[in-house]
Amino acid sequence: MKTMKAVQFIEAGRPPEIVDLPVPAPGPGEVLIRVAGAGVCHSDLHVLDHGIGRPGQFTLGHENAGWIAALGEGVSGWKEGDPVAVYGPWGCGTCHSCSTSAENYCERHASIPSMGGGLGSDGGMAGYMIVPSARLLVPLGDLDPAKTAPLSDAALTPYHAIKAALPLMTPDATVLVLGIGGLGHMALQILRALTPARVIAGDIDAARLEHARELGATYTVNTGEKTAAEEIRDITGPRGVTVALDFVGAQPTIDLSASVVGRNSRIAVVGLAGGVLHYAANNPPYGTQVSVPYWGSRTELMEVIALAQTGKIAAQVETFPLEQAVNVYERLREGKIHGRAVLIP
Ligand SMILES: [Zn+2]
Ligand SMILES: [Zn+2]
């Protein structure tokens with residue numbers, strides 16, 4: 001029997017383990033993918049520390065791309081060798097949200113057995129992965145699957161958050177991006193490609209702020225400094241920040257967003273660091289919309305891939321052999337990854 005290495009979640013509070021598994025065979029309707037690359041996402045640290053609320057071990061990796069290796073019975077319209085991105089949030093496929101391609105907001109999310117490959121089902125940190133339906137595949141054209149694995153989360157998630165706020169992002173508006181890691185570095189590129197708004201990048205790390213300037217941030221602010229809110233208000237003037245995109249979600253970033261947005265603005269909290277947004281009259285200011293976007297839709301992944309095909313966005317990728325996964329997660333925890341780490345099986 002052909003075997004492969006896989007990086008598995010064992011139980012909450014334990015580091016991942018590398019195990020040998022048989023290469024799976026696709027059942028009816030399923031597709032077997034030969035994995036080219038699997039992105040290493042900060043939310044995996046959340047999964048490793050706290051689990052996903054369901055028992056059982058599974059292969060990690062929810063940000064995947066590769067080539068079709070085998071088609072299950074009844075699958076048509078694809079052929080072996082096609083390069084594909086794997087859409088990550090696997091919904092029921094038939095509810096109202098899933099029917100609009102927004103499987104990230106599947107109405108049956110609480111009753112389906114997993115949130116996706118790498119999030120309950122076996123994901124892409126392995127030589128091969130099973131995708132339960134061909135509807136979850138998006139063609140990559142001539143993009144390199146290993147380098148584009150991060151598009152399906154690190155780019156799709158900010159794209160979804162930005163697209164929903166686009167009408168506010170006028171030439172005289174200011175967008176604040178907090179956290180210039182895997183998602184933040186894609187958010188800056190997406191903003192530059194889609195909007196004329198001024199962009200302030202905030203992070204506590206000087207090298208990341210430098211990176212933000214290279215990616216087109218108009219201003220950078222070290223949010224570890226006590227003067228950060230004041231610096232941001234100096235840039236925006238009385239209007240304040242129009243859209244704050246928080247890719248950290250910790251108490252200090254949530255408090256900062258709430259203190260610098262103006263009236264009739266928007267705060268989108270994407271990061272999972274456990275902060276709480278408090279509300280009192282006019283604080284955050286009147287008219288502020290608060291959103292908690294989660295991932296993105298399949299059609300938005302198509303749009304992200306189209307944007308990457310024009311060369312307007314590209315994930316800055318550090319690649320590592322799959323065998324180094326445990327060490328890569330430690331590096332991610334210590335904030336030592338530049339852009340996105342991708343494991344190559
Ligand atoms: Zn993720
Ligand atoms: Zn659904």
Side-chain angles (χ1 to χ4, degrees), residues 7 9 16 29 35 37-52 58-65 85-125 129 131-133 135-136 148-161 179-187 190 245-249 268-274 292-301 304 315-318 325 328-329 331-333 335 337 339-343:
V7 182
F9 166 86
V35 178
V40 183
C41 179
H42 222 277
S43 64
D44 285 339
L45 297 178
H46 194 79
V47 169
L48 288 166
D49 293 346
H50 306 289
I52 57 160
F58 56 87
T59 302
L60 289 158
H62 59 263
E63 195 179 83
N64 310 304
V86 179
Y87 175 68
W90 298 350
C92 71
T94 54
C95 73
H96 184 273
S97 290
C98 288
S99 298
T100 67
S101 105
E103 300 201 20
N104 50 321
Y105 297 136
C106 175
E107 293 154 23
R108 299 197 178 99
H109 67 94
S111 59
I112 51 181
S114 109
M115 295 185 285
L119 295 167
S121 302
D122 286 334
M125 290 185 181
M129 75 179 284
V131 175
S133 166
R135 78 170 190 278
L136 302 165
T148 49
L151 293 179
S152 62
D153 179 10
L156 175 58
T157 301
Y159 183 86
H160 174 60
I180 312 303
L183 275 66
H185 95 286
M186 295 308 304
I190 293 163
L245 301 167
D246 184 351
F247 295 108
V248 183
V269 183
V270 179
L272 301 173
V292 284
Y294 173 69
W295 222 325
S297 69
R298 278 190 288 123
T299 48
E300 284 170 336
L301 180 56
V304 163
Q316 303 208 349
V317 163
E318 263 190 271
V328 173
Y329 276 119
R331 289 184 54 162
L332 182 68
R333 205 183 279 280
I337 299 290
R340 195 60 143 184
V342 171
L343 297 178

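Both counts, for ligands and for their atoms, begin at 1 and track the order of listing. Since the structure is predicted, the reported quantities are computational estimates derived from the model, not experimental observations.
Not a single N, O or S atom of Asp44, from either the backbone or the side chain, sits less than 2.8 Å from the Zn ion (ligand 1). Residue His96 does not count as close to the Zn ion (ligand 2), with no N, O or S atom under 2.8 Å. For a distance bound of 2.8 Å, the N, O or S atoms of His109 include none lying that close to the Zn ion (ligand 2). Backbone or side-chain N, O or S atoms of His62 reach the Zn ion (ligand 1) at under 2.8 Å.
Aromatic rings from His109 and Tyr294 are positioned such that their centres are separated by 6.0 Å or more.
Taking the Zn ion (ligand 1) as reference, the nearest N/O/S atom within Asp153 carries the name OD2.
Atoms SG of Cys106 and SG of Cys92, as seen from the Zn ion (ligand 2), are separated by an angle of 100°, to the nearest 10°.
Checked by atom type and distance alone, the side chain of Glu107 pairs as donor or acceptor with a backbone atom of Ser97 at under 3.5 Å. Here the side chain of Trp295 pairs a donor or acceptor atom with the backbone of Ser152 at under 3.5 angstrom. A donor-acceptor pair under 3.5 Å is formed between the side chain of Asp246 and the backbone N or O of Gly249.
Closest of all the heavy-atom pairs between Val248 and Gly179 is CG2-CA, 3.7 Å.
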